[in-house]
Amino acid sequence: MSIKISCILAFVLLATSFSNAQTKAPAPFGPVPTENQLRWQEMEYYAFVHFSLNTYTDQSWGFGNEDVKLFNPEKADCRQWARICKEAGMKGIIITAKHHCGFCLWPSKYTEYSVKNAPWKNGQGDMVREMADACKEYGLKLGIYLSPWDRNHPDYGKPEYITYFRNQLTELLTNYGEIFEVWFDGANGGDGYYDGANETRKIDRTTYYDWKNTYAMIRKLQPNIVIWNDGGDRGDLRWVGTEDGYVGETNWSLLNNTGEVPWEMLHYGVEDGNAWVPAEVNTSIRPEWFYHPSEDDKVKSVPKLMETYYNSIGHNGTLLLNFPIMPNGLIHEKDEKAALGMAKAVKESFAVNLAEKAKAEASNVRGKAGEYNASKAIDGNKESYWATDDNVTNASLTIDLGKPTLFNRFMAQEYIRLGQRVKAFTVEAFVDGNWKEIAKATTIGYKRILRFPSIYASKVRIHITDSKSCPVISNLGIYNAPLILDAPAILRNQTGEIVINSDDIGPHFYYTLDGSEPTSKSTKFTGPVKTEGKIEVKAIAYDPASGKSSPVSLEKFDISRKNWKVVNNTDDNAKYVLDGNPATVWHQRDKKMPVDLIIDLGNLYNLSGFNYLPDQNRWSSGIITNFEFYISNDNAEWKQVDQGEFSNIKNNPVLQTRNFSTVKARYIKLRALKNTSGDDVAGYAGIDVITTN
Ligand code: FUL
């Protein structure tokens, strides 16, 4: 290098470092994430696997008395789980080492209720070890679900149990390598087997586990861990108040880290919260967490999973998606197909960032040296960011695409090391010489993705209209995601008419009633279709413009409810129990528990089960948890044919299916013994029967 060039270079370097020194980075604003929370947030997407004795008893929650001998997954293969998760784009797996029933998937020294007494591998197996090894092989991180509530342990409810719980935690956090997350479920205390006591044990979930000391122990054993806790002490991460796969459109990663947190705070965070407690969206790829063969037709479709993606990762959350493991020890091929389909859809949607090669300009830039200028928001470097002067809380950044370009997604990320700041922003497109607002939102946080109808524009502008402090934007993206049609909903009303619809605008629907796969050549849905008796309906949505079809939806309807009547209440709204519409609900509020619902089926049928759909609305009430089910031929003499609990119905209010030995009857009676809120309301979005011929 000539002397002249090196002199120039030295000057440039000096000038740059001089001007760098001139421009101070924005100071952190409010609470900021820890290194562990940051590392976790960047994982974005990881899996749950639910596997326990429930897998063999078709239950959601085991009582704690289930026989360990049931656990014999002859094909168990954690490598299959890890392969699927890896191919699905996930970064880790959280395994249910112990669910509420108390059964341990590892040979814990402290209990006999574990794999060591199961027939699987003659008691020599350790599922947590196999999971840890498989994760290592596939480059995934390992997480542990350890249920604080233990319906098997004799000491649950007493101080001695805390020692047991900590001993188990120590085993899990010592013997299986690095653990990225530990998961403490919020369901705590209630009835259980408790080593034969068969009683109800109540605990105060805020004090019983002495979380403060338990956390100290955890952090000592695993310094890089994040703690998820829905049971009294928030830990590092928060639940979002639903298991249905979405967090608020406004989503602050902040919370007031004290005491019980109301639902809205879980769902939206707290704008002025005093602690960084970001949201983790947990949901299952099927309605329930554990495997139930009856749900093989209920695996979420790719469009539904994409909806979840946008409503979790796209809403400043992470996504924890569950695979229920089958009794043979494998993930079902339908679940695999759906997860890989989603991975493909994500890849295709975000394949090309149209902002990457564009030019960016901002209404305000911090300093003169350029370290915080607009281009830092589109340089693909997560450590650089566009920032404005300290006093600016309203600013815009324009991305010039150079020519009219088609797009329908906008992605924004804040540099959260400096705190979460943006309170409101709009996205505008420059079309035919004018700026047009195409989307509007509130918070950004780690990542925010907005969807809007496809538009051609040559420039795109993000306008931050309100921010707690000067905005710091690390990344912006513009994408043109391919159309994905959702599988349509198929409903049958009380008169037996089938109605098909979806939330997408514009598709046509085609259906079959003979079990064959529908195509755009099948019968077109043009209005309600009259049907009688048992029937299987399959339908697709089809977009004639692009020639694209949705996945197939399938609904199996039992006998028609045409002649059914609620006979023990004259309230007009009782019709909502029978109308086949999940959005309408009837509440019985005028009785004291136990509350009966009696239905005349109008005829004698061979009954072998029933379905109960609880209130599906956000502020639902009257969700029955404990029930008895009776049948009768004359509405006078009754026989009980089933009783039990709808275990996880509070957090996951999905359709509950119960089966019993076939009986002939004309009347059914669902007796509600208890509901989730401890009052006397019994609510029903739908009741149906299962018949055999
Ligand atoms: C819930 C539990 O009660 C479910 O069984 C499941 O484990 C889910 C992830 O958390 O609250």
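Atoms within a ligand are numbered from 1 in the order they appear, just like the ligands themselves.
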Where is the nearest protein heavy atom to [atom]: which residue, which atom, and how far?
{"atom": "atom 5 (O) of ligand 1", "answer": "His99 NE2, 2.9 Å"}
{"atom": "atom 10 (O) of ligand 1", "answer": "Asp185 OD1, 2.8 Å"}
{"atom": "atom 4 (C) of ligand 1", "answer": "Asn648 ND2, 3.5 Å"}

By number and element, which atoms of ligand 1 are closer than 4.0 Å to a non-hydrogen atom of [X]?
{"X": "His50", "value": "6 (C), 7 (O), 9 (C)"}
{"X": "Trp61", "value": "2 (C), 3 (O), 4 (C), 5 (O)"}
{"X": "Glu243", "value": "1 (C), 8 (C), 10 (O), 11 (O)"}
{"X": "His100", "value": "2 (C), 3 (O)"}
{"X": "Asn651", "value": "11 (O)"}

Do any N/O atoms on [X] end up under 3.5 angstrom from N/O atoms on ligand 1?
{"X": "Tyr145", "value": "yes"}
{"X": "Trp289", "value": "no"}
{"X": "Trp183", "value": "no"}

Would you please indicate if the ring centroids of Trp106 and Tyr176 are separated by under 6.0 Å?
->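 Ring-ring flag for Trp106/Tyr176: false, centres at least 6.0 Å apart.
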Classify the contact between Phe48 and ligand 1 as side chain, backbone, both or neither, using a heavy-atom distance cut-off of under 4.0 Å.
->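 Phe48 to ligand 1: side-chain contact only, backbone stays beyond 4.0 Å.
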Atom of His99, atom of Ser60 and distance for their closest heavy-atom approach |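 Taking His99 first and Ser60 second, the nearest heavy atoms are CE1-O, 3.7 Å.
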What's the shortest heavy-atom distance between Ile162 and Tyr208, and which atoms?
->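 Looking at all heavy atoms of both residues, the closest pair is CD1-O, 3.4 Å.
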Cationic N near anionic O, under 4.0 Å, [X] to [Y]:
{"X": "Asp297", "Y": "Lys556", "answer": "yes"}
{"X": "Arg286", "Y": "Asp296", "answer": "yes"}
{"X": "Arg151", "Y": "Glu199", "answer": "no"}
{"X": "Arg219", "Y": "Asp236", "answer": "yes"}

Is His153 reaching over with its side chain to a backbone N or O of Asp155, donor-acceptor style, under 3.5 angstrom?
->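 Checked: pair present.
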